[in-house]
Every structure is written in structure tokens, then in C-alpha cells.
Engineer: 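One structure, as C-alpha cells, below. Some questions next.
Nothing fancy with the numbering, it's 1 onward along the sequence. Every number for a ligand or one of its atoms is a count from 1 in the order of the listing. All figures in this text were calculated on a predicted structure; none of them were measured in a lab.
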Amino acid sequence: MKKHSYFERTKTVSDSSFRRRMIFPFVIFVVLLAGGFFAWKWLNDQPQDHMILKPLRKTLEANEKVFKGTLGKNKESKTYTVADAVKNVKVNGLIGIQDTIDASKWRLQVIRGAGDTLKISLDELKQLPKKDIIFDFKCIEGWSQVTHWAGVSMRDFMEHYHLQGFEQMQYAGLQTPNKKYYVGIDMKSFLEPQTILCYEMNDAPLPMKQGYPLRLIIPVKYGIKHLKCIGTMFFSNSKPPDYWAEQGYDYYAGF
Ligand SMILES: Nc1nc2c(c(=O)[nH]1)N[C@H]1C(S)=C(S)[C@@H](COP(=O)(O)O)O[C@H]1N2
Ligand SMILES: [Mo]
């Protein structure tokens with residue numbers, strides 16, 4: 001067969017030959033398209049597990065395992081100075097937050113067992129040493145801000161109320177008084193030195209929308225775990241219910 005130069009070739013390709021040459025790539029394209037469609041259809045036909053398709057849930061659980069393995073590496077959050085802290089703190093997420101709350105009637109309820117609930121007032125908590133923490137608060141939605149909080153160190157709290165026995169359990173659970181927002185925290189993160197039961201923001205009592213009278217501040221976790229307005233606390237060896245984990249977010253939600 002006679003060899004054509006580039007120019008000759010471009011000149012001599014006829015319409016029918018061009019069409020013939022296009023058939024193969026077109027067939028490949030159709031096959032890939034069909035493959036993608038059936039893969040998508042297969043995924044959607046899979047049974048669901050907690051509102052998430054099983055294969056996706058499996059991936060999430062695999063990620064969780066990898067992540068849980070890194071929990072041992074105790075990464076303390078970087079701290080900042082008071083001057084770095086923003087004055088207009090963003091309010092995000094108001095699930096379970098009431099318009100008003102009477103702090104004189106409010107009690108932190110620590111469930112120690114069936115029919116055995118410890119009830120602690122805000123004034124009692126304020127008698128424990130106060131710990132300040134200024135860190136970069138990160139929300140899963142993609143924003144972060146340096147904010148200043150203060151309250152009782154979780155370790156001091158557990159010791160003061162003789163709750164160390166529960167530190168052997170795997171999780172702590174927290175819920176708002178109306179139970180509309182709830183989180184589960186692995187015990188290791190719960191007991192990080194930077195974790196506080198927080199009652200102040202920028203040296204003033206917590207604003208209502210920021211979780212008055214008491215919220216969790218846990219710098220090793222994303223914002224979703226920093227439950228505002230704590231009603232009850234309990235300990236468990238199985239994962240406590242977690243609002244955003246039920247919506248498909250990572251249960252550990254840490255860094
Ligand atoms: N009770 C309650 N606590 C909550 C939420 C919520 O919806 N309800 N949202 C969480 C989320 S997603 C974030 S980012 C932080 C935001 O805290 P802030 O409003 O003080 O900035 O609160 C967390 N704690
Ligand atoms: Mo968030």
C-alpha cells in the first residue's frame with residue numbers, strides 16, 4: 001500500500017472512511033456509558049444501612065477503622081492568644097437549643113446507672129478550677145475560626161465527681177435536655193487535656209445560642225461533636241447515638 005504524507009492523508013480521507021474510523025471510538029464510548037449506568041444502578045439497588053447504601057457504608061466503616069487506629073496519636077490542638085480570638089463568634093447549628101433556659105433549675109445529669117443519676121448545678125461546676133482554651137474551631141462545612149472558651153477540664157471533672165471508674169468504658173454520650181441533639185465521643189478524646197465542660201465564651205457566660213449554660217468543647221473533634229446545652233451525660237461500651245453519624249457523617253469526626 002502506498003504511504004501517504006500527512007497532508008495527502010488529510011486530503012484524501014473520504015466521508016465514508018471517516019465514518020468507518022469513528023465507529024470504533026463510538027462503540028467504546030457507548031460501552032463505557034452503559035457500564036457506568038449499570039454500576040450506578042447496581043449501587044442504588046443495594047440495601048440501605050442507616051440511610052446509606054451498603055457499599056458506601058462499608059467504605060465509611062473501612063475509613064473509620066483506619067481513623068480509629070490513628071486516635072492513639074494524641075494530637076493536641078494548636079492554641080492561640082486572646083488577641084487572636086474573634087469577637088463575633090459564628091452561631092451554627094441550633095438543633096435542640098431552646099429560646100430560654102433557667103440556669104437555677106438546670107442540672108447536669110450524669111447517669112451512673114439505672115436509677116442513679118448525679119445532678120450538678122452550674123454554681124457547683126464553677127467552683128472547680130477554670131481552664132481557658134483558645135483554638136481554631138473547625139466545622140465540617142468548611143469554615144473555621146479562632147475562638148476563646150473556658151470551663152472545667154473534663155479530667156478534673158471526672159476526678160472531682162469520682163467518675164474515674166467510667167473512664168474504662170469506651171464511649172461517653174451527651175444529649176441536650178430535650179434529647180433533640182446528641183453525640184457519642186470515644187473515651188480517649190473525651191479525656192484529652194483540652195476537652196472542657198464549657199460555660200464561658202470570651203470571658204462572659206455562654207450566649208443562649210452558643211449553648212448556655214454548659215456545652216462541650218473538644219478541640220480534637222470537628223464542630224458537630226461540640227454539643228451545645230448539655231442535659232445528660234452517660235458512659236457506654238457501645239457507640240452512643242450520634243445525630244450526625246445517623247445522617248452518614250463519620251462517627252469519630254476528628255483530626
Ligand atoms: N445542641 C446543638 N449543639 C451543636 C449543634 C446543634 O445543632 N445543636 N451544631 C454543632 C455544629 S455543626 C457546630 S459547627 C457547632 C457550632 O458552634 P457555635 O454555634 O458555637 O459556633 O456546634 C455544634 N453543637
Ligand atoms: Mo458544624
Engineer: Tabulate distances under 3.5 Å between N/O atoms of ligand 1 and N/O atoms of the protein, writing both atom names on each line.
Structural biologist:
unit_1	atom_1	unit_2	atom_2	d
ligand 1	1 (N)	Ile95	O	2.9
ligand 1	1 (N)	Lys228	O	3.0
ligand 1	3 (N)	Lys228	N	3.0
ligand 1	7 (O)	Gly93	O	3.3
ligand 1	7 (O)	Leu94	N	3.3
ligand 1	7 (O)	Ile95	N	3.0
ligand 1	8 (N)	Ile95	N	3.4
ligand 1	8 (N)	Ile95	O	2.7
ligand 1	17 (O)	Arg215	NH2	3.2
ligand 1	19 (O)	Asn92	N	2.7
ligand 1	19 (O)	Asn92	O	3.3
ligand 1	19 (O)	Lys228	NZ	2.5
ligand 1	20 (O)	Gln210	NE2	3.2
ligand 1	20 (O)	Arg215	NH1	2.7
ligand 1	21 (O)	Lys90	O	2.6
ligand 1	24 (N)	His226	O	3.0

Engineer: Could you give me the CA-CA distance, side-chain angles and deciding distance for Lys131 and Asp156, then say whether salt bridge (Lys or Arg N to Asp or Glu O under 4.0 Å) is met?
Structural biologist: CA-CA 10 Å; Lys131 182 182 165 72; Asp156 288 355; over 6 Å; no

Engineer: List the steps and the verdict of salt bridge (Lys or Arg N to Asp or Glu O under 4.0 Å) for Lys209 and Asp99.
Structural biologist: CA-CA 8 Å; Lys209 290 178 176 174; Asp99 293 335; over 6 Å; no

Engineer: State whether a side-chain donor-acceptor pair under 3.5 Å links Thr195 with Glu192.
Structural biologist: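 Checked: Thr195/Glu192 side chains show no N/O donor-acceptor pair below 3.5 Å.
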
Engineer: Can you name the ring-ring contact (aromatic ring centres under 6.0 Å, His included) partners of Phe166, sequence neighbours left out?
Structural biologist: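 Only Phe235 meet the ring-ring contact (aromatic ring centres under 6.0 Å, His included) criterion with Phe166.
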
Engineer: Mind checking what makes ring-ring contact (aromatic ring centres under 6.0 Å, His included) contact with Tyr222, not counting sequence neighbours?
Structural biologist: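 Counting only residues at least two positions away or on another chain, Tyr222 forms a ring-ring contact (aromatic ring centres under 6.0 Å, His included) with Phe255.
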
Engineer: Go through the structure and list residues passing side-chain hydrogen bond (donor to acceptor under 3.5 Å, both in side chains) with Gln98, not counting sequence neighbours.
Structural biologist: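 If we apply the side-chain hydrogen bond (donor to acceptor under 3.5 Å, both in side chains) test to Gln98, skipping adjacent residues, there are no hits.
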
